[in-house]
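These notes are about the structure you will find just below.
Just follow the structure's listing: the first ligand is 1, and inside any ligand the first atom is 1.
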Amino acid sequence: MQKYDLVICGGGTAGVAAGYIAAKSGLKTLIVEKNIHLGGSITSALVMPAMKSNTKDINCEFYKAFIDELSLYNGQITYCDGNTGWFNPELAKIALDSLLEKVGCEVIYDAEVINAKCDKNHVHSIEICSKTLSLHIESLYFLDATGDGNFSAILKNEILENFEHRQPMTLRFHISGIDLKKFSDWLLDFDKDRNVTTCDVINGEIHLSTACTWDKDRKWALWPLFEQGIKDGIINEADASYFQLFTIPAMPGTVSLNCPRIILDKDIDPLDAVSVSRGIITARKQIWRLYCFMKAYFPGFEASYISNIADMLGIRESRRIKGKAVYTKEDLLSGKTYENPVLHADYPIDIHSYKKDSSTLQHTTVDYEVPVDILKSANYDNLFIAGRCVSTDFSAQAALRIQTSCFSMGEAVAREVKKLLG
Ligand SMILES: Cc1cc2nc3c(=O)[nH]c(=O)nc-3n(C[C@H](O)[C@H](O)[C@H](O)COP(=O)(O)OP(=O)(O)OC[C@H]3O[C@@H](n4cnc5c(N)ncnc54)[C@H](O)[C@@H]3O)c2cc1C
């Protein structure tokens with residue numbers, strides 16, 4: 001039986017930040033990750049860019065170290081209004097290994113946290129299981145950074161009730177073999193108003209982004225093409241519900257697609273394996289149709305091919321774990337400040353909907369901060385929560401789930417544990 005200061009369940013967005021800062025500050029730290037690389041949504045679900053938010057530099061040490069490390073592999077660019085968060089997900093796997101190794105954070109891959117030994121309100125150890133080992137690991141403190149709050153579910157920590165419709169999930173993918181020069185020339189001419197299209201040349205590489213949705217909140221230059229695609233029977237309406245395309249640093253001729261949004265006959269519960277599986281099969285069919293559509297309608301895509309389909313479903317929200325405090329939409333909109341805040345941000349409340357014209361992006365009039373009590377479990381005295389499963393209501397989570405905020409939450413947990421251990 002090994003004993004740690006902090007054991008982190010899940011080496012995703014929040015988990016890696018916690019692991020890096022904890023180990024760097026001298027804590028004996030372990031990350032248990034069920035995949036074979038770190039990064040979670042960033043790497044496995046192919047999610048980028050990290051949304052730009054006015055962080056006021058609060059708990060941003062990990063984010064900066066990550067960007068610096070990724071830059072060593074040419075896997076990061078700064079683009080679109082100075083957003084530093086454009087990552088290459090494959091190179092992020094290498095950079096994260098290297099970064100955590102430098103500070104001495106231990107990692108066990110391919111191992112899932114499946115059980116725990118607890119005594120009333122205290123967690124003593126976790127049980128992890130992989131193909132080759134089943135191990136009990138003791139620690140003074142634990143962090144649930146599993147995204148879905150899987151560790152809290154094992155512990156029967158209180159889960160906050162959900163009164164809202166689920167937000168749609170997305171299975172992201174990459175297309176390669178694109179003539180980006182041809183595509184960008186066409187796109188810049190086609191979207192003359194540049195409502196949502198951006199394009200730049202950085203370090204000799206073309207970088208661009210564009211989007212189109214079925215919502216009528218903006219003039220989407222690409223919409224007539226999607227309408228035509230529907231008429232021609234290449235795609236269906238659901239395929240056209242949400243479309244976003246970006247280039248990826250150090251992947252010339254490749255674009256990342258933040259779609260398809262998975263729309264079934266009813267909301268998919270991200271915690272129900274049967275309906276999620278149906279959703280994944282649906283998504284891969286959608287990916288094929290969207291690819292055929294792009295190949296047929298986008299100049300520059302003639303010789304393109306699907307080069308990657310994410311091996312992790314993009315889930316915007318599932319369990320929210322009850323902490324010592326529950327952060328609400330009202331707290332967020334009021335711009336309340338806190339002593340020693342977990343994070344500072346201005347990212348809007350971004351709620352995706354299954355229905356046409358129903359997604360909302362509510363901008364705040366003031367920046368907001370978050371108190372450390374939302375990272376502390378309501379039921380266990382040595383358990384923390386960070387990432388998208390943090391203790392918030394539905395709407396506040398829709399603002400706080402972005403990567404920069406998840407990094408800050410992980411970092412704040414590490415600093416809190418360091419403080420507690422003196
Ligand atoms: C489609 C989509 C698009 C998005 N777009 C953006 C965007 O453009 N910009 C942005 O900033 N944010 C975006 N987000 C939000 C953001 O990416 C996520 O909310 C955030 O990365 C979640 O971080 P996390 O640490 O909570 O979880 P994750 O990063 O998902 O990490 C959880 C980790 O826990 C591991 N795990 C789970 N259970 C166990 C277990 N039992 N044992 C061991 N390991 C376990 C998983 O394998 C994973 O590595 C998007 C989200 C989605 C779904």
Side-chain angles (χ1 to χ4, degrees), residues 7-19 30-53 55 63 80 83-87 89 92-93 96 107-116 126-130 137 142-155 166-173 209 211 242 244 246 256-262 270-271 283 310-321 345 347 350 352 385-390 397-411 413:
V7 165
I8 298 160
C9 305
T13 317
V16 285
L30 172 72
I31 293 177
V32 181
E33 169 52 51
K34 72 174 178 180
N35 283 324
I36 61 161
H37 49 75
L38 297 169
S41 296
I42 297 171
T43 48
S44 302
L46 306 175
V47 175
M48 66 110 184
M51 284 298 177
K52 202 173 168 207
S53 184
T55 59
Y63 184 35
C80 261
N83 185 355
T84 51
W86 296 81
F87 310 138
K93 296 173 185 172
L96 287 169
V107 180
I108 300 184
Y109 282 129
D110 204 9
E112 196 164 347
V113 180
I114 55 159
N115 214 337
I126 55 167
E127 184 183 354
I128 66 169
C129 178
S130 78
I137 300 170
F142 294 88
L143 167 61
D144 183 347
T146 57
D148 285 322
N150 295 333
F151 184 45
S152 297
I154 289 168
L155 294 171
R166 287 287 177 206
Q167 294 185 53
M169 291 174 262
T170 296
L171 188 65
R172 293 182 66 150
F173 68 111
S209 78
Y242 190 88
Q244 243 185 332
F246 328 103
S256 173
L257 283 304
N258 185 12
C259 50
R261 187 185 265 174
I262 307 170
L271 301 168
D311 60 12
M312 179 179 170
L313 195 55
I315 298 177
R316 292 187 168 83
E317 41 84 33
S318 58
R319 291 188 191 95
R320 285 173 284 109
I321 312 303
Y347 188 71
D350 182 4
H352 291 239
I385 318 143
R388 66 174 169 80
C389 57
V390 74
Q397 193 273 2
L400 290 176
R401 69 164 178 266
I402 58 165
Q403 291 166 1
T404 39
S405 293
C406 290
F407 290 148
S408 295
M409 288 183 223
E411 188 161 331
V413 167

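In terms of protein heavy-atom proximity, atom 16 (C) of ligand 1 is nearest to Arg401 O, 3.4 Å. For atom 27 (O) of ligand 1, the closest non-hydrogen atom on the protein side is Gly147 CA, 3.7 Å. Counting only heavy atoms of the protein, atom 35 (C) of ligand 1 lies nearest to Glu33 OE1, 3.3 Å. In terms of protein heavy-atom proximity, atom 39 (C) of ligand 1 is closest to Thr146 CG2, 3.7 Å. The protein atom (non-hydrogen) at minimum distance from atom 25 (O) of ligand 1 is Ala14 N, 2.9 Å. The nearest protein atom to atom 45 (C) of ligand 1, hydrogens excluded, is given as Lys34 CG, 3.8 Å; this is a heavy-atom distance. Counting protein heavy atoms only, atom 7 (C) of ligand 1 is closest to Pro49 O, 3.1 Å.
An N or O contact shorter than 3.5 Å links Val113 to ligand 1 by distance. The shortest N or O to N or O distance between Thr170 and ligand 1 is not below 3.5 Å. Checking only distances, Ile42 never comes within under 3.5 Å of ligand 1, N or O to N or O. Residue Ser41 has at least one nitrogen or oxygen atom sitting less than 3.5 Å from a nitrogen or oxygen atom of ligand 1, judged on distance alone. Checked against a 3.5 angstrom limit, the closest N/O atoms of Asn150 and ligand 1 fall inside it.
Residue Gly387 has at least one heavy-atom neighbour below 4.0 Å for each of these atoms of ligand 1: 26 (O). Shown in contact with Ala50 at under 4.0 Å from a heavy atom are these atoms of ligand 1, numbered in order with element: 11 (O). If you number the atoms of ligand 1 from 1 as listed, the ones under 4.0 Å from a heavy atom of Gly314 come out as 53 (C). Close approach to Asn258 involves these atoms of ligand 1, each under 4.0 Å from a residue heavy atom: 1 (C), 3 (C). Each of the following atoms of ligand 1 lies closer than 4.0 Å to a heavy atom of Arg172: 3 (C), 5 (N). Remark: ligand 1 atoms within the under-4.0 Å shell around heavy atoms of Gly40 are 29 (O), 31 (O), 48 (C), 49 (O). Of all atoms in ligand 1, numbered sequentially from 1 with element shown, those under 4.0 Å from a heavy atom of Ile315 are 53 (C). Ligand 1 places these atoms under 4.0 Å from at least one heavy atom of Met312: 30 (O).
Neither the backbone nor the side chain of Leu38 comes within 4.0 Å of ligand 1, counting heavy atoms alone.
Distance check: Leu143 CG to Ile385 CD1 gives 9.0 Å after rounding to the nearest 0.5 Å. Taken from CD1 in Ile114 to CZ in Phe151, the straight-line distance is 11.5 Å, to the nearest 0.5 Å. Interatomic distance, CZ of Phe173 versus OG of Ser256, reported as 9.0 Å (0.5 Å rounding). Note that OG of Ser318 is 7.5 Å distant from CG of Asn150, once rounded to the nearest 0.5 Å. The CG atom of Leu46 lies 12.0 Å from the OG1 atom of Thr170; values are rounded to the nearest 0.5 Å. To the nearest 0.5 angstrom, Ser44 atom OG is 3.5 Å from His37 atom NE2.
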*Does the pair Asp144 and Thr146 meet the rule for a side-chain hydrogen bond (donor to acceptor under 3.5 Å, both in side chains), with working shown?*
CA-CA 6 Å; Asp144 183 347; Thr146 57; 2.6 Å; yes
*Please assess Tyr242 against Asn258 for the test side-chain contact (heavy atoms from CB on, under 4.5 Å), listing each intermediate value before the final yes or no.*
CA-CA 8 Å; Tyr242 190 88; Asn258 185 12; 3.8 Å; yes
*In sequence, state the C-alpha distance, the side-chain angles, and the governing distance for Thr13 and Arg388, and then conclude on side-chain contact (heavy atoms from CB on, under 4.5 Å).*
CA-CA 9 Å; Thr13 317; Arg388 66 174 169 80; over 6 Å; no
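Residue contacts with ligand 1: Cys9 is excluded, as none of its non-hydrogen atoms falls under 4.0 Å. Taking a 4.0 Å cut-off on heavy atoms, Ala111 registers as neighbouring ligand 1. Heavy-atom distances between Met169 and ligand 1 stay at or above 4.0 Å for every pair.
Ala17 is linked by a side chain to side chain contact (heavy atoms under 4.5 Å, CB included) to Phe62, Phe407, counting only residues two or more places apart in sequence or in another chain.
Between Met312 and Ser41 there is a side-chain heavy-atom pair separated by less than 4.5 Å.
With hydrogens and angles ignored, the 3.5 Å screen pairs a side-chain donor or acceptor of Arg172 with a backbone N or O of Met48. Here the side chain of Gln403 pairs a donor or acceptor atom with the backbone of Val47 at under 3.5 angstrom.
The closest non-hydrogen atom to atom 1 (C) of ligand 1, taken over Arg316, Arg388, Gln403, comes from Arg316. Checking Thr13, Leu171, Ile36, Val47 against atom 5 (N) of ligand 1, the nearest heavy atom belongs to Val47. When Gly11, Cys259, Gly12 are ranked by how near their heavy atoms come to atom 31 (O) of ligand 1, first place goes to Gly12.
The minimum heavy-atom distance between Ile128 and Ala111, with the atom names listed, is CD1-CB, 4.1 Å.
Note on Asp350 versus Arg316: no salt bridge recorded, every NZ/NE/NH1/NH2 to OD/OE distance being 4.0 Å or above.
Side-chain N/O atoms of Ser130 and Asp110 include no donor and acceptor closer than 3.5 Å.
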